[in-house]
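Encoded as structure tokens, the structure appears first; notes follow it.
Because only heavy atoms are used, hydrogens play no part in the values below, and waters and symmetry mates are left out as well, while side chains stay in. Just so we're on the same page: letters track the sequence lines, and every chain starts at 1.
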Amino acid sequence: MSLDTSKIADTNRDTPATTKKPNKAGAVAGWADDRLSLGTLTKVFARKVFPDHWSFMLGEIALWSFVVLLLTGTFLTFWFVPSMSESTYEGSYTQLRGVPMSDAYASTLHISFDIRGGLLMRQMHHWAAMLFIAAMFVHLMRTFVTGAFRKPRELNWIVGSMLLLLGILEGFAGYSLPDDLLSGTGLRIADGLIKATPVVGTYMSFLIFGGEFPGDVIIPRLYILHVLLIPGLILALIGLHMTLLVFHKHTQWAGPGRTERNVVGFPMLPVYAAKAGGFFFMVFGVTALMGALLSINPIWKYGPYDPSKVTAGSQPDWYMGIAEGLLRIMPNWETHIWGVTISWNVLIPGQIAPFLLFGMIIGWPFLEQWVTGDKREHHLLQRPRNAPTRTAFLAAMVTVYGLLWAAGGNDILATHFHWSLNSITYFMRAAIFIIPPIVFYITRRWCIALQRADNDRLLHGYETGIIMRSPEGGYTERHLPISEASAYTLTARQRDQIHEVESEVDENGVAAPGGRVDRVRAKLSRGMYADNVQKPTAEELEEARHHAEHEHELESGLDHPAAGHEFDDHNLRDVDDIPLRHP
Amino acid sequence: MSDHLPETTHDGHPPVVVDEPIPDPGLPAHEWRPTDVDPKAERRAERQVAGLFGLAVVGSILFVVSYVVFQVGDDPDLIGNLGASNVALGLCLALVLLAMGAGMIQWARKLMGDQEIVEMRHPAASSQEDREAAVAILQTGLEESGLGRRPLIRNSLLAAGGVLGILPIVMLADLGPLPGDKLYHTIWDLDTWTPEMQAWWQTQNRTLQRVVRDVVGTPIKVTDLEIGDLVNAEPEVIFATDPETKQPIVEGTDLLIAKSKAAVVLHRMVPSDIVSEQTLNWSVAGIVCYSKICTHVGCPISLNERTTHHLLCPCHQSTFDLADSGRVVFGPAARPLPQLELTVDDDGYLAAKQDFNEPVGPSFWERG
Amino acid sequence: MRLLNRPLGRLSRHRRGPVAGLLVVLMGLLLTGGLYAAFSPASAHENDSAAQIEKGRKLFLVGCSFCHGLNGQGVKTEDGNQLGPPLAGVGAAAVDFQVGTGRMPAQQPGPQIPQKETSYTQDEIDALAAYVASLGPGPAVPDEAEYNIDNMTDEQRQEAITRGGEIFLTNCTACHNFEGAGGAMPHGGYAPNLRGVEPKYIFEAMLTGPQAMDKFSNGNLSVDEKRDIVAYLQSLDDNPDYGGFGMGGIGPVSEGMFAWIVGIGSLVGVATWIAAHTARSSKQKAES
């Protein structure tokens with residue numbers, strides 16, 4: 001069949017389908033845009049605004065260290081042999097030559113001593129893993145303490161919590177792979193934790209280890225979890241986390257022109273891309289620096305795993321320190337009843353407490369929302385002082401974590417500070433219940449005091465450091481009003497509303513349904529918000545302004561530079577710079 | 001405040017309106033940076049950025065040089081007392097990356113446009129029309145499928161899905177064997193031995209399994225040990241070799257499993273130090289033998305205090321009294337350390353009379 | 001000088017001739033020298049030994065008897081605590097270790113007597129050791145040949161180090177840590193750092209079980225096995241830190257601290273730099 005090609009329309013619109021190509025790059029872009037609608041995507045995303053603040057980059061540390069993990073981890077997989085088959089070592093590390101060991105351990109030695117840069121990549125991988133989880137923690141704390149988890153971001157909060165959990169699991173799996181003495185001891189403890197599970201413990205242990213501990217399959221199994229399943233999940237969740245971030249737009253700090261309805265900052269292109277890209281290299285670089293100079297996990301000194309060997313200072317990586325500490329300070333409770341054993345001494349620290357803590361993390365946004373009844377969207381961050389109870393709760397939780405980490409390293413504390421191991425344990429058993437409430441109380445009062453200080457600055461101005469003597473001989477410090485921008489920033493927050501029990505009984509005189517729950521809610525609300533200091537009202541500010549103006553008039557004659565007052569701050573300013581706020 | 005946000009979202013909650021005693025003064029005017037207004041400063045910043053990128057190039061070259069120059073392995077080069085290859089490669093790589101990063105950041109901070117721009121937010125919820133349309137579509141779908149009208153199909157589908165969910169769980173059953181009574185016995189029990197081990201035992205012509213030193217596998221006489229000696233020991237079959245091939249009889253995974261339950265410690269104390277009757281009866285001339293596996297979560301324990309006969313676990317600090325049936329004196333472990341009944345065989349070597357009379361290692365549900 | 005004085009004293013003054021005299025002197029020298037060589041060392045050693053023990057006893061009475069008793073029988077306090085243990089049978093090796101490393105004499109009783117600057121010369125320590133050894137049979141100070149690996153071939157030394165490593169990881173790391181950096185023991189006790197300790201003292205510690213440490217007598221770990229452990233520890237000292245600074249060699253706790261302080265600390269610093277406001281100029285752009 002012949003076809004007259006000249007008759008076929010080369011356009012379905014009024015412009016020609018083939019246009020003049022301005023240049024090569026344009027051609028490629030045009031080719032891609034024809035298929036992918038890149039133009040629209042670029043239009044939507046390239047000028048996306050990100051507010052600038054150091055605390056907004058903590059999550060980025062986690063993101064970039066994950067990229068470092070992917071890069072270095074891929075390098076390691078080229079040589080690592082995830083096998084527990086035994087062979088005799090004949091490699092470069094002389095002190096272990098002739099020792100029987102698993103292929104996993106031998107290949108880790110091979111990476112460390114026979115591959116140039118292998119040890120560096122191993123150390124960077126391990127350091128990046130520590131940074132990954134640490135950065136997730138600080139990012140989580142920042143999000144928590146500023147209330148960035150509030151509607152509409154609760155789901156992203158849960159995604160983030162899942163990432164933390166997966167990160168810890170991923171870290172533990174990786175820690176176990178080299179099959180050295182420490183990683184084997186870690187697995188042995190994990191086996192003990194599994195076996196303590198009621199009813200199915202031994203079955204789970206035998207299924208996971210492919211028979212009796214240690215078996216010969218746990219490392220290949222952990223390997224595939226470590227390099228495929230968990231990183232895949234993490235990657236997917238990071239994608240979701242970022243998508244939601246872009247969709248919701250980033251939160252921002254209150255300030256002049258920065259409101260609940262907008263987001264002010266630098267565009268993705270070019271500034272933010274350059275800053276974020278630069279930060280990636282900085283994270284990578286710091287990891288390289290640590291890998292170069294600080295020895296981490298020197299497995300050649302631990303020796304291959306042997307279930308009859310152990311070393312002093314057997315500790316997990318820091319993020320497992322909380323579980324380790326709980327295991328160490330737990331009293332030895334065990335119940336023997338009806339022919340079965342319930343090992344509270346392992347169950348509580350190993351299985352119940354971690355999930356309780358994790359549940360608290362995930363549950364807090366919903367608890368707070370229920371107590372406040374606040375179902376509105378929030379895009380302005382709260383300063384930590386403006387949510388005293390929440391900030392204090394975080395401080396208490398960090399204290400718990402710190403205490404447990406310290407308890408997990410009690411032997412290290414004992415040797416380095418010449419304390420008694422037993423005393424540390426006894427101390428920690430009590431401290432875990434006593435110190436966090438103290439920290440909670442202090443932090444809460446501290447926040448409230450800071451709130452008061454803010455109000456003082458709003459109502460009475462800032463302290464100039466100038467001491468005035470009145471004709472009567474009395475001394476006062478001179479206060480000057482703060483700038484309008486600062487004053488606005490301080491007041492751009494909401495007043496807390498305390499939930500009151502509406503009515504004990506309904507209109508028929510019957511106890512209202514859910515009355516008990518409502519009372520709990522009211523009680524919590526009072527406890528969380530009643531002590532907070534609320535910002536001044538417009539009238540209070542007005543009154544304070546009048547007062548200040550009056551004082552200013554009285555003092556106006558003193559504003560001339562006088563001997564000894566040349567360097568007083570206010571005299572160096574223009575009059576405009578020290579405005580009394582005119583409405 | 002003027003804005004284009006709706007007064008309420010769908011669930012009736014208005015967006016936050018901050019009650020502001022002070023009106024929003026609005027974004028402050030943009031101020032220029034020295035690099036924006038001073039060509040000299042601009043050129044200086046340009047040179048800084050280019051210099052940093054240049055440094056990265058130098059670092060890359062040094063990296064390649066270090067890669068070629070420094071030896072790893074048998075006879076590594078050293079810098080200070082550190083492995084030269086690791087330090088040099090790492091520092092060069094760090095130089096490259098940090099210079100790149102610093103250059104990009106400096107570029108963004110000093111030279112790229114720094115006008116802050118404003119983007120308006122929109123509520124996360126979809127519009128009322130979209131929501132209604134979506135509900136309508138779903139309704140139509142539900143009706144067209146007839147899922148509501150045909151409970152038989154719906155219920156049988158649910159059943160099929162539920163059953164399908166069971167299959168992967170069933171398939172995981174072959175991940176490992178069932179525990180059986182494996183946790184109740186160790187290799188000290190001659191009845192658990194494989195035929196090869198039995199065959200080797202025939203050649204030995206003895207009835208009691210000796211307690212031998214770990215690593216070297218030599219048997220121990222009572223007279224070998226002084227008061228206060230601690231021996232990390234194993235059952236002798238672990239070190240048995242085939243008389244013909246000279247190959248170990250227990251090796252690989254079986255060896256690790258055997259060791260993970262059968263490892264013991266021997267400790268010799270003054271017999272009058274021994275407190276409990278069982279410990280005394282099961283000891284030989286003040287030599288007691290205990291499982292080395294902690295009853296907490298299974299770490300090997302051998303931190304012994306000679307003076308108190310307290311054995312400490314380095315993992316979680318459970319402490320056991322070797323003079324008193326392995327009683328727990330401190331820490332999270334709940335059960336005493338299992339003791340092995342010691343005796344002396346015909347040739348005068350220390351040997352086990354029988355297996356432990358209880359499961360060693362961490363507690364588990366059905367151990368009672 | 002004794003050797004020269006005695007023969008000279010026996011020389012007759014009535015002999016004639018310088019050569020004869022010289023010959024006689026030489027013969028006498030040879031004879032008495034030989035006799036001395038044949039008989040004297042034993043008796044001299046005996047005398048020495050007795051003198052040494054006596055010297056040691058005097059030192060003991062001054063420095064040790066307060067806690068260990070006038071005859072080394074040990075002292076109990078009124079409430080039944082052991083102030084100093086009885087020393088019969090601890091052997092010379094124990095004294096050489098305890099006094100040589102400065103642990104004894106102790107400044108004060110406690111859960112563990114720390115190492116410190118030694119306050120006796122090696123001669124005095126030997127005398128003390130001789131005295132305590134005379135109280136009852138115990139392990140003698142090991143001969144250097146017992147723990148020295150210098151005379152081995154490279155292959156033998158390699159084998160010794162590898163075997164020593166395995167024995168070390170089995171018997172020692174539980175308390176002393178994988179790097180020999182030490183570890184905690186109950187009630188304020190601790191296993192001390194083994195790095196940089198003289199091989200002799202490592203060997204003696206195993207032999208005698210100082211303080212709360214277990215004994216690893218020659219029947220427990222043979223001399224060769226102990227030598228291998230010493231060899232392994234020495235090899236740890238000789239080994240470079242392949243991966244960089246060891247951060248105390250105490251494993252994951254210090255690693256975690258460095259991750260937070262160095263890693264997160266510096267990166268938060270970088271984040272602050274990225275987000276910090278740059279310097280502002282009061283000038284306006286020319287064209288605007």
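Using a 4.5 Å cut-off on side-chain heavy atoms (C-beta onward), A/I342 and B/W365 make contact. Within the 4.5 Å cutoff, the side chain of A/L293 has heavy atoms near those of the B/V87 side chain.
For B/Q71, no part lies under 4.5 angstrom from a heavy atom of chain A. Within the 4.5 angstrom heavy-atom criterion, only side-chain atoms of A/S343, from C-beta onward, approach chain B. Using a 4.5 Å cut-off between heavy atoms, B/V328 touches chain A through its side chain atoms alone. No part of A/P349 comes within reach of chain B, as not one of its non-hydrogen atoms sits under 4.5 angstrom from that chain. If you measure heavy-atom distances from B/K182 to chain A, the contacts under 4.5 Å come from both the backbone and the side chain. Contacts between B/S363 and chain A at a heavy-atom distance below 4.5 Å involve backbone atoms as well as side-chain atoms. Heavy atoms closer than 4.5 Å to chain B are found in the side chain of A/R153, but not in its backbone. Both the backbone and the side chain of A/F213 come within less than 4.5 Å of a heavy atom of chain B. Both the backbone and the side chain of B/D114 come within contact range of chain A, with heavy atoms under 4.5 Å apart. For B/L172, the part lying near chain A is the backbone, with the side chain staying farther off; criterion is any non-hydrogen pair under 4.5 Å. Neither the backbone nor the side chain of A/S295 has a heavy atom closer than 4.5 Å to any heavy atom of chain B. With a 4.5 Å cut-off on non-hydrogen atoms, B/A173 touches chain A through its backbone but not through its side chain. Residue B/A124 touches chain A through both its backbone and its side chain, counting heavy-atom pairs closer than 4.5 Å. Of the two parts of B/P23, only the backbone, made up of N, CA, C and O, holds a non-hydrogen atom closer than 4.5 Å to a non-hydrogen atom of chain A. Proximity to chain B (any heavy atom under 4.5 Å) is shown, for A/M282, by both the backbone and the side chain. For A/H248, the parts sitting under 4.5 Å from any heavy atom of chain B are the backbone and the side chain alike. In this structure, chain B has a heavy atom under 4.5 Å from the backbone of A/T311, while its side chain stays farther away. Heavy-atom distances place the side chain of B/Q317, and not its backbone, under 4.5 Å from chain A. Contacts of A/P152 with chain B are made by side-chain atoms alone, with heavy-atom separations under 4.5 Å and no backbone atom involved. For chain B, the nearby part of A/F247 is the side chain; its heavy atoms alone come within less than 4.5 Å. For chain B, no part of A/M290 is nearby; none of its heavy atoms comes within less than 4.5 Å.
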* Hey, mind stepping through A/Q252 and A/L380 against side chain to side chain contact (heavy atoms under 4.5 Å, CB included) and telling me if it holds? -> CA-CA 5 Å; A/Q252 63 185 354; A/L380 282 184; 3.8 Å; yes
* **Worked check of side chain to side chain contact (heavy atoms under 4.5 Å, CB included) between B/E366 and A/V340** => CA-CA 5 Å; B/E366 58 268 37; A/V340 298; 5.6 Å; no
* Just do the salt bridge (charged side-chain N to carboxylate O under 4.0 Å, His left out) check on A/K275 and A/D52 with the steps written out, would you? => CA-CA 10 Å; A/K275 284 187 170 182; A/D52 221 18; 2.8 Å; yes
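Between the side chain of A/R261 and the backbone N or O of B/M120, no donor-acceptor pair lies under 3.5 Å. Not a single donor-acceptor pair under 3.5 Å links the side chain of B/Q115 to the backbone N or O of B/H30. The backbone N or O of A/K151 sits nowhere less than 3.5 Å from a side-chain atom of A/D374 that would complete a donor-acceptor pair. Of the possible donor and acceptor atoms, none in the side chain of A/H110 sits under 3.5 Å from a partner among the backbone N and O of A/G91. A donor-acceptor contact shorter than 3.5 Å is absent between the side chain of A/S205 and the backbone of A/G201. In terms of modelled atom types and a separation under 3.5 Å, the side chain of B/K261 and the main chain of B/T186 share no donor-acceptor contact. Without hydrogens or angle criteria, B/E119 side chain to A/V49 main chain gives a donor-acceptor distance under 3.5 Å.
By the 30° and 60° cut-offs, the orientation of the rings of B/Y184 relative to B/F364 is perpendicular.
Counting heavy-atom pairs closer than 4.5 Å to chain B, the top-ranked of the candidates A/V199, A/V310, A/N345 is A/V199. Taking chain B as the reference chain and counting heavy-atom pairs below 4.5 Å, the highest number among A/K195, A/R47, A/Q123, A/E539 is found for A/K195. Put simply, of B/S66, B/S260, B/A263, the one with the most heavy-atom pairs under 4.5 Å next to chain A is B/S260. In terms of non-hydrogen atom pairs under 4.5 Å with chain A, the most contact-rich of B/C299, B/P28, B/C313, B/G331 is B/G331. Ranking B/I117, B/I105, B/V72 against chain A, the residue ahead of the rest is B/I117, based on heavy-atom pairs under 4.5 Å. Chain B forms the most heavy-atom pairs under 4.5 Å with one residue out of A/M330, A/R221, A/K309, A/E540, and that residue is A/R221. Of the listed residues (A/N410, A/L193, A/T287), the greatest number of heavy-atom pairs within a distance under 4.5 Å of chain B belongs to A/N410. Ranked by heavy-atom pairs under 4.5 Å with chain B, the first of A/G118, A/G215, A/G408 is A/G215. Between chain A and the options B/Q106, B/E234, B/K292, heavy-atom pairs under 4.5 Å are most frequent for B/K292. Highest contact tally toward chain B, considering only A/L289, A/I189, A/D114, is held by A/I189 [criterion: heavy-atom pairs under 4.5 Å]. Interface remark: of the candidates B/G252, B/A102, B/S85, B/G252 forms the most heavy-atom pairs closer than 4.5 Å to chain A. Of the listed residues (B/C92, B/A333, B/G361, B/A88), the one with the most heavy-atom contacts under 4.5 Å to chain A is B/A333.
Ion pairing between a basic and an acidic side chain is recognised when a charged N comes within 4.0 Å of a carboxylate O; B/R121 and A/E377 show no such pairing. Using a cut-off of 4.0 Å between Lys/Arg side-chain N and Asp/Glu carboxylate O, B/E358 and B/R367 are scored as salt-bridged.
Considering B/C315, B/P362, B/P300, B/C294 as possible partners of A/R188, the one that fulfils the side-chain contact (heavy atoms from CB on, under 4.5 Å) test is B/P362.
Heavy-atom minimum distance, B/P314 versus A/D411: O-OD2, 4.2 Å.
Aromatic pair A/Y426/B/F330: ring centres closer than 6.0 Å. A/Y272 has its ring centre no less than 6.0 Å from the ring centre of A/F279.
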